[in-house]
Asker: 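Encoded as structure tokens, here's the structure I'll be asking about.
We count ligands from 1, going down the list as the structure has it; atoms in each ligand are counted the same way.
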Amino acid sequence: MLIPLSKPGTTTDIKTGKWKTHRPTVDPKLCTKCAICQNFCPEGIMGTPREIPVIDYDYCKGCSMCMVECPFKAITMVAEKQEL
Ligand code: SF4
Ligand code: SF4
């Protein structure tokens, strides 16, 4: 999709999730719904605080911040399948 130069880029127009090489995956058995990951996610795309995170993969950049900050090791990064 071409973005008109008359306005700044926006993640509403561009699905930045295509950038990631790994996607975070939450283990609901380990998650305590503490919301720490949701507070650290720079994209704000981890669902409702105090619920098991529901990640919007269309906009998740795979930065791993959520995995690093989760104190319960409930998030793992899984390699994306390559598109041929
Ligand atoms: S930081 Fe970990 S335990 Fe807390 S809500 Fe996120 S995934 Fe769940
Ligand atoms: S990998 Fe980064 S962008 Fe994706 S959900 Fe975790 S903190 Fe947010």
Asker: Can you tell me the protein heavy atom closest to atom 8 (Fe) of ligand 1 and the distance?
Answerer: Cys31 SG, 2.3 Å
Asker: Identify, by atom number and element, the atoms of ligand 2 in contact range of Ser64, meaning under 4.0 Å from any of its heavy atoms.
Answerer: 1 (S), 2 (Fe)
Asker: Below 4.0 Å, non-hydrogen atoms only: which portion of Gln38 touches ligand 1? Side chain, backbone, both or neither.
Answerer: neither
Asker: Closest by any non-hydrogen atom to atom 2 (Fe) of ligand 1: pick that one out of Pro71, Cys70, Ala35.
Answerer: Cys70
Asker: Is it the side chain (CB and beyond), the backbone, both or neither of Lys61 that lies under 4.0 Å from ligand 2, heavy atoms counted?
Answerer: backbone
Asker: Hey, which atoms in ligand 2 end up nearer than 4.0 Å to a heavy atom of Cys63?
Answerer: 1 (S), 2 (Fe), 3 (S), 7 (S)
Asker: Is atom 8 (Fe) of ligand 2 under 2.8 Å from any N, O or S atom of Cys37?
Answerer: no
Asker: How about Cys60: does one of its N, O or S atoms come closer than 2.8 Å to atom 6 (Fe) of ligand 2?
Answerer: no
Asker: Quick one: look at Lys20 and ligand 2, take heavy-atom pairs under 4.0 Å, and tell me if it's side chain, backbone, both or neither.
Answerer: neither
Asker: Does ligand 2 have an atom under 4.0 Å from some heavy atom of Gly44?
Answerer: no
Asker: Given Asn39, Ile75, Thr32, which one has a non-hydrogen atom that is nearest to atom 3 (S) of ligand 1?
Answerer: Thr32
Asker: Students should be able to answer this: which protein heavy-atom is nearest to atom 4 (Fe) of ligand 1, and at what distance?
Answerer: Cys34 SG, 2.3 Å
